[in-house]
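Inspection log for the structure reproduced underneath, given as structure tokens.
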4 protein chains.
Amino acid sequence: MALSDSQVQKMKQKRETILEQATLMFAEHGYNDTTIAKVAKASGVSFGSVFTYFENKDQLFFAAVVEPLQVYAPKLLDFDPNARQPTQELWNMVAKHIKIFSSFGPYLRLVVQVIGYHNRFAEAFAELDAFHNTFRAKIGELVKNGQERGELQIQDAKYAATAYTSFLIGLRVNLIDSPDSQMWEQFVPFAMQLFGAKTD
Amino acid sequence: MALSDSQVQKMKQKRETILEQATLMFAEHGYNDTTIAKVAKASGVSFGSVFTYFENKDQLFFAAVVEPLQVYAPKLLDFDPNARQPTQELWNMVAKHIKIFSSFGPYLRLVVQVIGYHNRFAEAFAELDAFHNTFRAKIGELVKNGQERGELQIQDAKYAATAYTSFLIGLRVNLIDSPDSQMWEQFVPFAMQLFGAKTD
Amino acid sequence: MALSDSQVQKMKQKRETILEQATLMFAEHGYNDTTIAKVAKASGVSFGSVFTYFENKDQLFFAAVVEPLQVYAPKLLDFDPNARQPTQELWNMVAKHIKIFSSFGPYLRLVVQVIGYHNRFAEAFAELDAFHNTFRAKIGELVKNGQERGELQIQDAKYAATAYTSFLIGLRVNLIDSPDSQMWEQFVPFAMQLFGAKTD
Amino acid sequence: MALSDSQVQKMKQKRETILEQATLMFAEHGYNDTTIAKVAKASGVSFGSVFTYFENKDQLFFAAVVEPLQVYAPKLLDFDPNARQPTQELWNMVAKHIKIFSSFGPYLRLVVQVIGYHNRFAEAFAELDAFHNTFRAKIGELVKNGQERGELQIQDAKYAATAYTSFLIGLRVNLIDSPDSQMWEQFVPFAMQLFGAKTD
DNA sequence: GATGAATGAGAGTTCATTCAT
DNA sequence: TATGAATGAACTCTCATTCAT
């Protein structure tokens, strides 16, 4: 018997709730200290139900890492590498990135874990790594564009991109308990310097 | 009857071995996936012996995090904030830091974990945080010195220091599997830019 | 979906079985030499199931000590302190007590342990002590009644009650391996003497 | 090389100290919760030394139970079953017993344990049981003597003796935390009633 | 004789996962 | 689909005992 629309809807909602709670808990307490029972409780379902929506704990973790990527990736990639005014574009991009990074703390802690234990979480890491490469490549393009237009110092664009993503992730690690966006904003100019923006 | 010197020596050695193995495993597999039994095996002792040298697993972890700090801290702080040629001093400092960060990968992964779960590892985090503050403060001094001598752009020295340590830790996270020091060296100029070093 | 009635019934039964086996083993071998694994085996369940019914070993022990009290207490208190014929009532009471004490050997050994280590088993002891006080008080009333009616020697009723419960528990300790009720019956007259029953 | 007298003396002393501490701890915390390490610490010796004086933990426990018996037994048996004035003798005996029982609380808790787990502590129990039989027999003789002289009610002397020792041990269990000898003294008359002493 | 490092059997407990209801 | 009882692998930690010094 096919499920009614409202049923399907309800199930989607439930899955979503579980995933959200799982993300928060995985991020806060790590993989091992997050138990299925706790996630279930926080989600208002029986722990048996978690297995209805996710094959096992590993899959739940994988989903918690990879699915938000679908949401964040487009936002992070939302800039134009061929912009006419690359410095301006860069500034806007950095401001946006910083805003995003300052706000999705929990998820990024998850990301840091996956990177830290990339052997343990090989599949999830592969996804993140793939995005990271795409991300860096696109940033690199914009940097190159900026250099070609004489707005940025000449330096290896790929390294600059890596330096930049490192800076972002490092900020997230260091400012672990500071969701205060105003403080985060202070770091935009530093990112610009990293890119070799000419200081007039 | 007191223990003989050689006895004491042997014990020190054994403790050291256990701690080293523990550090490696904690860094590689995290706190939970590192079992006392595995550490013992890797160290060539019975698991009971681990408890001879460390009260419990938590203490072992704490020691693995805090003791190396005694070794690394002086090296990281080995620069002169009042140097006559601040830019030169800064460059040397960065080069040294990058070299150190590129080489003690395992330990830094441990550090990232502690920061990531600072609630879980509160005591260890407190130690790291204290060092981080000292570290940033001293870097900030050198930056200020550089600004006063007109060698660096004027910007908030504290933020610059934070940006720098974030950059370092972010590099360590991103370049998780690259001990290749030559690649790391490429990032020295970027750090200099972060500090607002004037590009002639 | 709630559990079916038969399910609930089965669980109650299982809990009961575990508790019974635990009581027997705690009584026979003491707290430490009674392992969860042994209790589980004796109860025909996996050791994990013991934790489904009891939070931990301490709780299991507590339940083994306290729950039977609900059963035995009413039986031990089943006499009338204001009886018209106090000596007769006393005799019946003693006979009943002796019968009960002779039969629930295992449980009483548990009780003796709790008293012996009342620091270790503080909560369980508190429960037993509370009952003991109630028990002695009610016996004291009957004794007083008997004295007032001139059937018993005048003596401190509270001490008499304590002497009596001591006698009972002492018999249980001494006759550790004698469930033989006939032998136990022999002690009824001694208890009566303790109460100062006048020997005509 | 033979040991000097003073050395022998010192060792005897050390053994004594260990045994005393062991008795106290076994009595207070039971066999399992009393560790060799704790006993050693309380005795001011290394735990290795405990094994110099006692083969193993079981032997230590055995010694703690049996050796004091050599001290207490003569005191408990110090009465004349053929006394000319049996009631008087009985009174004196009871008074002495009560005094002794009120004072050596820790040791008696040990005794209760051994009786409670006589399977576990079979050898120690055998010693205690043997003494108990001797003890009861001698008391029985005095009771019989009293009956023959018409001072005591006629009743089975052996049961009377058992009732009496039960009463004593029961008091010890019930008054676990009352070393207050004055309260203990109150129970002498009750013991006399147990023996069927004629109340004038 | 005295010491305490080394060992490992064995205990309690957690928790992912299965599966009957 | 939802539930939670049942299971047992795996982990940390304790402690009696051995034995080299």
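In what follows, chains are A, B, ... by sequence order, proteins preceding strands, each numbered from 1.
For B:Glu123, the side-chain contact (heavy atoms from CB on, under 4.5 Å) partners two or more places apart in sequence, or in a different chain, are B:Phe62. For B:Phe47, the side-chain contact (heavy atoms from CB on, under 4.5 Å) partners at least two apart in sequence or on another chain are B:Ile36, B:Ala40, B:Phe51. With sequence neighbours excluded, no residue satisfies salt bridge (charged side-chain N to carboxylate O under 4.0 Å, His left out) with C:Glu20. For A:Thr35, the side-chain contact (heavy atoms from CB on, under 4.5 Å) criterion is met by A:Ala37, A:Lys38, not counting sequence neighbours. Qualifying side-chain contact (heavy atoms from CB on, under 4.5 Å) partners for D:Ala42, counting only residues two or more places apart in sequence or in other chains: D:Gln21, D:Met25. Looking at residues two or more places apart in sequence or on another chain, you find no ring-ring contact (aromatic ring centres under 6.0 Å, His included) involving A:His29. Applying the salt bridge (charged side-chain N to carboxylate O under 4.0 Å, His left out) rule to C:Glu127 yields no partners; only residues at least two apart in sequence or on another chain are considered.
Rounding to whole angstrom units, CG of residue D:Asp33 and P of E:dA11 are separated by 15 Å. The interatomic distance linking D:Met11 (CE) with E:dG1 (P) rounds to 5 Å, in whole Å. When rounded to the nearest whole Å, the span between NZ of A:Lys41 and C1' of E:dT14 equals 16 Å. Taking atom NZ of C:Lys38 as the reference point, atom P of E:dG10 lies 10 Å away to the nearest angstrom. Regarding D:Ile18, its CD1 atom lies at a distance of 14 Å from the P atom of F:dA16, rounded to whole Å. Rounding to whole angstrom units, NZ of residue C:Lys10 and P of F:dA5 are separated by 13 Å. Counting to the nearest Å, the P atom of E:dG12 and the CG atom of D:Asn32 are 11 Å from each other. Rounded to whole angstrom, the span from the CD1 atom of A:Ile36 across to the C1' atom of F:dG4 amounts to 14 Å.
Residue contacts shown for B:Ser6 are absent, as no nucleic acid heavy atom lies under 4.0 Å away. Within 4.0 Å (heavy atoms only), A:Lys14 reaches sugar-phosphate atoms of the nucleic acid but no base atom.
Neither OP1 nor OP2 of F:dC11 sits under 4.0 Å from any side-chain N or O of B:Thr35. Side-chain N/O atoms of C:Ser49 include one lying less than 4.0 angstrom from OP1 or OP2 on F:dT7.
For the contact set between residues 51-62 of chain C and DNA chain E, defined by any heavy atom under 4.0 Å, the members are C:Phe51, C:Asn56, C:Lys57. Contacts between residues 20-31 of chain A and DNA chain E, defined by a heavy-atom separation below 4.0 Å, involve no residue at all.
Judged as a salt bridge (Lys or Arg N to Asp or Glu O under 4.0 Å), the pairs with a partner in residues 46-59 of chain D (not counting sequence neighbours) are, in order, D:Asp58-D:Arg120.
For the pair D:Ala37 and A:Val45, both in contact range of DNA chain F, the more 5′-proximal nearest nucleotide belongs to A:Val45. Heavy-atom distances to DNA chain E give each of C:Phe47 and B:Gly44 a nearest nucleotide, and the one nearer the 5′ end belongs to B:Gly44.
Looking only at distances, no side-chain donor or acceptor of A:Ser49 sits under 3.5 Å from a matching main-chain atom of A:Val45.
Enclosure of atom CD in D:Gln9 is not indicated, since only 12 or fewer non-hydrogen atoms of other residues, nucleotides or ligands lie within 6.0 angstrom.
Every stem involving DNA chain F, taken as at least 3 paired positions in a row under the Watson-Crick or G-U wobble test at 3.5 Å, is listed here: E:2-21 with F:2-21.
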What pairs of donor and acceptor atoms, side-chain ones from residues 107-117 of chain B against any protein atom, are under 3.5 angstrom apart with sequence neighbours left out?
{"residue": "B:Tyr107", "atom": "OH", "partner": "B:Val65", "partner atom": "O", "Å": "2.5"}
{"residue": "B:Arg109", "atom": "NE", "partner": "A:Gly116", "partner atom": "O", "Å": "3.4"}
{"residue": "B:Arg109", "atom": "NH1", "partner": "B:Glu28", "partner atom": "OE1", "Å": "3.4"}
{"residue": "B:Arg109", "atom": "NH2", "partner": "A:Gly116", "partner atom": "O", "Å": "2.5"}
{"residue": "B:Gln113", "atom": "OE1", "partner": "A:Tyr117", "partner atom": "OH", "Å": "2.5"}
{"residue": "B:Gln113", "atom": "NE2", "partner": "A:Tyr117", "partner atom": "OH", "Å": "2.9"}
{"residue": "B:Gln113", "atom": "NE2", "partner": "B:Phe26", "partner atom": "O", "Å": "2.9"}
{"residue": "B:Tyr117", "atom": "OH", "partner": "A:Gln113", "partner atom": "OE1", "Å": "2.5"}
{"residue": "B:Tyr117", "atom": "OH", "partner": "A:Gln113", "partner atom": "NE2", "Å": "2.9"}

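Under the 6.0 Å cut-off for aromatic ring centres, C:Tyr31 and C:Phe121 qualify, their centroids lying closer than that.
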